[in-house]
Amino acid sequence: MNKARDSLGTMSSIKQVINDAVEKGKEVYEKVRQPNPIRLRDLIRQIRSAKTAAEERAVVNRECAYIRLTFREEDSVWRCRNVAKLLYIHMLGYPAHFGQMECLKLIASPRFTDKRIGYLGAMLLLDERQDVHLLITNSLKNDLNSSTQFVQGLALCTLGAIASPEMSRDLAGEVERLLKSSNAYIRKKAAVCALRIILKVPELMEMFLPATRSLLSEKNHGVLITGVTLITEMCLQSPDMLAHFKKIVPNLVRILKNLIMAGYSPEHDVQGVSDPFLQVKILKLLRILGCGDSDASETMNDILAQVATNTESSKNVGNAILYETVLSIMDIKSESGLRVLAINILGRFLLNADKNIRYVALNTLLRVVHADNSAVQRHRSTILECLKDADISIRKRAMELCFALINGNNIRTMMKELLTFLENAEPEFKATCSSKCVLAAEKYSPNVRWHIDTLLKVVEAAGNHVPDDVVSSTIQLISETRAEQAYAVGELWRHLSVAQLEFQPMIQVSTWCIGEFGDLLLNGQADVTVEETQIIEIYQKILWASQCSITTKEYALTSLMKLSARLNQEVGSIQQVVSAFGSHLNIELQQRGIEYSQLFTRHNHMRGPLLERMPPFEGVRGNGTEGEKGGIAITNGLDNSPDNQSLLNDLSSPNNNNNINSTHENNESNALLLLLGGIEPGEGDTVQAVTSPATSTINATPAPRSTVNADILDLLGLEPGPTAPSNTTTSTSPAQLSHTNNSSSPALLLDGLLNNTSSTTTTTTAGIASLSTPTANSTTLPTNNFIIPQSLSQPSVPGIVAYDKNGMKLDMTFEIQDSVTTINMLATNTSLAQVTDFLFQAAVPKSLQLQMMTPSSTSMAPSATLTQVIKVNNPSKVPLRMRMRLSWQANGSVVQDQGEISHFPPALWQ
Amino acid sequence: MMHYLLISKDGSVQFSHYFTHSSPSSRPTTEARCHFLEDGPHTLVFRWFGPCMFVVAADHSENELMIYEFLSLYVNALHKYFGKFSEKHILLNIERLHMVLEEMVVAGELLEPSIRNALSPIQIPQMNLMTQQPCLRNEL
């Protein structure tokens with residue numbers, strides 16, 4: 001045996017001498033032919049010494065060009081060095097994917113150094129292109145069967161990093177064989193490979209089961225730790241495995257006990273603790289095995305108590321183990337004494353000077369708060385202290401925990417602290433925090449007055465970072481509580497009269513309420529004395545202030561119009577202000593200005609009834625808070641796009657917001673019904689509504705979808721009034737609804753309509769046809785004349801069906817603006833199953849830029865729809881192609897598909 | 001599971017190693033501000049060693065304190081491997097950093113908690129058998 005090895009050794013060293021000689025010869029030849037490529041470390045020095053980004057780019061580009069050249073020349077001597085340099089360049093963020101094939105060539109080389117770099121490159125550079133994967137699968141297979149453990153180790157390492165489902169299936173057999181190898185070095189690497197494989201292809205789990213069991217009887221900690229990790233993953237993936245592995249609990253307990261009891265072993269000691277890494281892995285597995293199982297929990301109670309009491313807590317390692325132990329104690333069915341011990345450990349953690357420890361304490365409390373609220377309540381004051389911590393991560397966790405701790409008893413004190421927090425919080429916290437405050441206040445508020453006060457404080461404290469749903473919730477609350485309206489409007493007036501005008505949400509709430517309930521302000525019910533002239537003054541300030549957003553001005557203008565029916569002396573000056581907007585640069589405001597001035601002149605008799613107070617919005621709240629989940633962008637008209645909510649029902653803006661949110665909710669037809677009928681028909685004013693175009697139209701049509709069009713025809717036929725078109729189109733055209741959540745500028749409204757007329761034959765066409773009949777066109781209203789030519793000037797592009805398979809249909813409609821094509825994608829679930837986790841990914845050729853907006857939802861009930869907006873910038877006007885990948889879950893399984901969309905209408909780029 | 005490890009100095013990336021595949025666009029380029037930080041689907045754990053910041057992105061379910069400890073395990077391993085590890089090594093021996101890391105973490109899972117065991121396969125000095133020589137020769 002020994003002899004054989006010796007002779008093998010001699011043989012190989014001879015071989016090496018020969019190889020070296022050959023290489024030397026080659027090197028000499030290379031030197032003659034061309035200068036050697038610079039070494040990796042020299043390149044690093046060059047790049048590091050570059051003083052500017054441009055200089056660095058120049059160095060990188062020069063080197064990349066050189067590397068490409070050598071690749072083209074099939075230079076195999078320096079390939080390894082060049083790929084290594086390329087990997088460095090790739091790390092800096094430069095494109096390096098032209099090196100993929102070179103990596104494969106290196107892997108196939110017999111030299112170890114080549115293989116090393118080749119595999120490293122494969123791990124870093126390879127994408128999921130199938131041809132490359134196929135090639136590398138073969139190389140991996142060869143190397144997994146190599147006689148050298150280091151080559152096998154390299155291949156396992158790479159497989160663990162990049163295995164795809166196909167690769168997993170192809171190589172599972174090899175990995176299973178290596179898992180039984182007698183070499184610990186190979187076995188531990190095979191174990192993590194097996195883990196990666198079952199993550200990719202869970203069906204292969206059975207195959208590894210026999211080999212896994214023996215991993216636990218191992219002395220080598222590397223094998224033990226990977227074995228425990230593998231079993232953990234198996235238990236997480238399959239209930240059968242979980243049941244199967246229940247019987248290893250005593251083994252795990254024994255291993256853990258040995259670790260704690262064992263004396264000092266230099267090999268695994270970390271700051272006086274024996275292999276904390278293994279301890280933590282075992283504790284985690286125990287947690288999974290003991291969850292909901294009293295027998296298993298019983299078996300591990302003692303050891304958990306032992307770990308919890310004996311672990312030294314002065315060092316980070318000790319705390320890491322304690323942290324894991326606490327999680328396990330809280331998750332399994334442990335004895336009550338043990339749970340008290342765990343909570344006390346967390347209490348100690350919360351007071352620890354080390355921020356990391358405080359962070360994990362908050363994290364853990366957040367996880368156990370639902371199971372054991374009263375135990376966590378005991379630490380409330382400490383948690384509130386953490387709201388003031390300097391560290392952002394700790395503050396974030398503390399905030400989440402605070403909201404979990406709020407109940408009817410402590411809402412007043414908690415809200416007080418949270419409002420202070422909200423006031424000083426970073427912008428990224430303000431949106432979530434204010435939404436959650438609104439939710440909490442709604443759930444636990446002791447009385448309405450307090451509720452209103454709190455919402456107003458939230459809107460004020462969050463400044464411009466208030467999500468739309470908070471604005472609408474506030475308005476809604478005031479609208480539905482008649483008794484407090486006078487109080488609220490008084491408070492709001494106080495705010496408005498000293499407002500700094502830079503915080504839009506507060507102004508929006510104020511103007512809405514003052515518009516509706518301005519009379520209460522004037523007749524002394526509101527506990528403030530206000531002159532009519534003061535009101536007009538403030539409104540003029542808002543309307544002409546440059547720091548107010550268009551949306552705010554829309555609120556203000558409509559509110560002012562409403563006030564014209566509430567004030568007595570100042571109606572004349574209101575008319576003056578309103579008619580001045582007839583020439584405003586913003587089209588929406590201009591339209592309102594013109595429309596409203598008509599109400600002073602031609603239709604003056606209708607002004608009073610039209611501007612009646614809105615009926616209270618009952619029963620739709622809650623919807624408004626959905627935004628928090630969907631993560632709706634904060635608009636408030638602050639971004640400079642003209643995406644103001646131009647719908648006339650800005651008057652009833654809470655509804656508007658709610659409806660947008662419900663389209664997010666995924667069911668458009670529901671949204672439509674809600675939009676039209678969701679509000680109970682109002683009391684007296686609905687009769688006029690048919691003839692009057694303003695907000696009450698919504699109330700007037702509580703009809704189901706089928707009759708809606710008829711109503712609209714009626715509306716249009718009766719009186720093609722100034723506001724009817726935009727209002728009704730929004731509510732009826734399904735294509736339009738897809739716009740609502742991102743942009744619904746007036747031009748788009750009609751654009752959507754025109755697209756419809758030309759391409760589809762939905763039920764709405766009837767309504768649209770009537771719009772383009774002479775009746776509509778002959779109206780002399782300047783608004784129509786203004787809008788229609790603009791939208792006609794945009795080319796109308798027919799929509800396409802991008803995908804229609806597996807119970808999923810994707811329709812795309814297009815809008816073009818200069819070089820940017822906006823694709824409105826409407827996904828329809830045509831199957832009978834609930835679809836969740838819907839994900840649409842797209843890629844376009846390099847010369848194009850792609851921007852994907854968040855989809856309106858990720859789940860769809862059967863036959864429901866969702867929308868997603870995709871923007872493609874095509875400056876060079878090349879034909880548009882798109883690769884897409886789709887995935888979603890239906891019936892508990894994942895559906896994936898990919899494909900190319902190449903039938904985009906050529907009008908998009910011509 | 002850990003997803004990647006990177007070393008940063010003065011806000012620029014000096015070394016990065018990806019345990020699992022991630023698209024280039026989703027790879028981070030900037031440094032963070034404190035020890036644990038939530039970053040979308042990952043928790044970022046970072047630790048300063050001298051002027052260099054080491055960052056690991058891990059699943060939320062991972063024990064952050066243990067990852068924090070792992071970073072010091074890695075740095076200790078590098079100390080032992082290089083004799084005395086300094087930022088100069090990051091600059092000039094980048095491939096060796098990968099090599100040491102591959103012996104300690106594969107597929108984002110800790111492979112070997114013992115530094116000695118982790119280093120033994122890559123420390124055999126200048127073995128004779130050419131194909132078994134795991135060290136990179138000075139040809140990069």
Side-chain angles (χ1 to χ4, degrees), chain A residues 9 12-13 15-16 19 39-41 44 48 80-81 84 88 91-93 110 112-113 116-117 120 123-124 126 128 148 150 153 156-157 160-162 185 188-189 192-193 195-196 221-222 225-226 229 267-268 270 275-278 280 316-317 319-320 323-324 355-356 359-360 391-393 396, chain B residues 1 12-21 23-24 27 29 33-38 61 63-66 68-70 72-73 91-95 98-99 102-103 105-118 120-122 128-140:
Chain A
S12 307
S13 48
K15 224 156 99 195
Q16 196 204 359
N19 276 343
R39 297 196 306 171
L40 171 61
R41 53 177 62 188
I44 297 178
R48 290 269 174 239
C80 176
R81 179 182 284 187
Y88 183 76
M91 193 184 82
L92 297 178
F112 188 80
T113 315
R116 263 220 80 87
I117 297 299
L120 188 58
M123 279 188 255
L124 297 173
L126 246 46
E128 291 185 348
T148 325
F150 300 115
L156 284 170
C157 202
I162 63 168
Y185 177 74
K188 66 186 181 193
K189 289 196 170 178
V192 283
C193 267
L195 183 144
R196 166 86 182 194
H221 282 209
I225 203 169
T226 49
T229 317
E267 202 169 307
H268 297 113
V270 180
D275 204 342
F277 296 95
L278 183 55
V280 163
N316 180 56
V317 257
N319 286 322
Y323 169 40
E324 201 70 36
K355 286 195 174 157
N356 294 349
Y359 174 87
V360 294
D391 190 302
I392 190 167
S393 296
K396 180 157 187 261
Chain B
M1 185 192 279
S12 71
V13 179
Q14 305 251 336
F15 168 84
S16 68
H17 187 103
Y18 288 79
F19 307 124
T20 53
H21 181 81
S23 62
R27 294 180 179 182
T29 48
R33 282 171 296 177
C34 54
H35 288 164
F36 307 135
L37 199 65
E38 221 167 279
S61 60
N63 184 330
E64 296 91 345
L65 294 174
M66 221 57 239
Y68 189 70
E69 201 54 46
F70 160 75
S72 98
L73 187 78
L91 211 65
L92 300 177
N93 293 293
I94 216 153
E95 67 287 346
H98 282 293
M99 202 161 68
E102 277 171 21
E103 294 303 328
V105 181
V106 170
E109 296 295 346
L110 185 70
L111 199 62
E112 185 53 70
S114 146
I115 293 178
R116 204 182 69 189
N117 287 351
S120 64
I122 49 176
N128 253 342
L129 296 174
M130 184 221 161
T131 48
Q132 285 223 331
Q133 183 185 342
C135 297
L136 292 170
R137 292 182 312 161
N138 204 11
E139 53 187 61
L140 299 176

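Letters go in sequence order (proteins before strands), and every chain restarts at 1.
Within the model, atoms CG of A/Leu92 and OG of B/Ser16 stand 9.0 Å from one another, a figure rounded to the nearest 0.5 Å. For the atom pair NZ (A/Lys188) and CG (B/Leu111), the distance works out to 5.0 Å, reported to the nearest 0.5 Å. Note that the NE2 atom of B/His17 and the CE atom of A/Met91 stand 12.5 Å from one another [nearest 0.5 Å]. Taken to the nearest 0.5 Å, the CE atom of B/Met66 stands 7.5 Å off from the CG atom of A/Asn316.
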**Request:** Would you sort out whether B/Asn93 and A/Arg41 count as a side-chain contact (heavy atoms from CB on, under 4.5 Å), showing the intermediate values?
**Result:** CA-CA 8 Å; B/Asn93 293 293; A/Arg41 53 177 62 188; 3.4 Å; yes
Show your working on side-chain contact (heavy atoms from CB on, under 4.5 Å) between A/Tyr185 and B/Glu103 and close with a plain yes or no. CA-CA 9 Å; A/Tyr185 177 74; B/Glu103 294 303 328; 2.9 Å; yes
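Closest heavy-atom contact between A/Ile392 and B/Leu37: CG2-CD1, 4.0 Å. Nearest heavy atom pair, residue A/Thr226 against residue B/Leu110, reads CG2-O, 3.8 Å.
Looking at A/His268, the atoms closer than 4.5 Å to chain B (heavy atoms on both sides) all sit in the side chain, from C-beta outward. Looking at A/Lys355, neither its backbone nor its side chain comes within 4.5 Å of chain B, counting heavy atoms on both sides. The contact between A/Val192 and chain B is made by backbone and side chain atoms together, counting heavy-atom distances below 4.5 Å. Only the side chain of A/Asp275 comes within contact range of chain B, with heavy atoms under 4.5 Å apart. Looking at A/Ile162, there are no atoms closer than 4.5 Å to chain B (heavy atoms on both sides), in backbone or side chain. Only the side chain of B/Ile94 comes within contact range of chain A, judged by heavy atoms closer than 4.5 Å. Only the side chain of A/Leu195 comes within contact range of chain B, with heavy atoms under 4.5 Å apart. Looking at A/Val360, only its side chain comes within 4.5 Å of chain B, counting heavy atoms on both sides.
No side-chain N or O of A/Asn356 forms a donor-acceptor pair with one of B/Glu64 less than 3.5 Å apart. Checked by atom type, the side-chain pair B/Glu95/A/Tyr88 shows no donor-acceptor distance below 3.5 Å.
Chain A forms more heavy-atom pairs under 4.5 Å with one residue of B/Ala107, B/Gly108, B/Ser61, B/Pro113 than with any other, namely B/Pro113. When each of A/Lys396, A/His221, A/Glu267 is scored by its heavy-atom pairs under 4.5 Å with chain B, the top score falls to A/Glu267.
Taking 4.5 Å as the limit, some side-chain heavy atom of B/Glu102 sits within range of a side-chain heavy atom of A/Leu120.
For A/Phe277, there are no ring pair (Phe, Tyr, Trp, His ring centres under 6.0 Å) partners two or more places apart in sequence or in a different chain. For B/Phe70, there are no ring pair (Phe, Tyr, Trp, His ring centres under 6.0 Å) partners at least two apart in sequence or on another chain.
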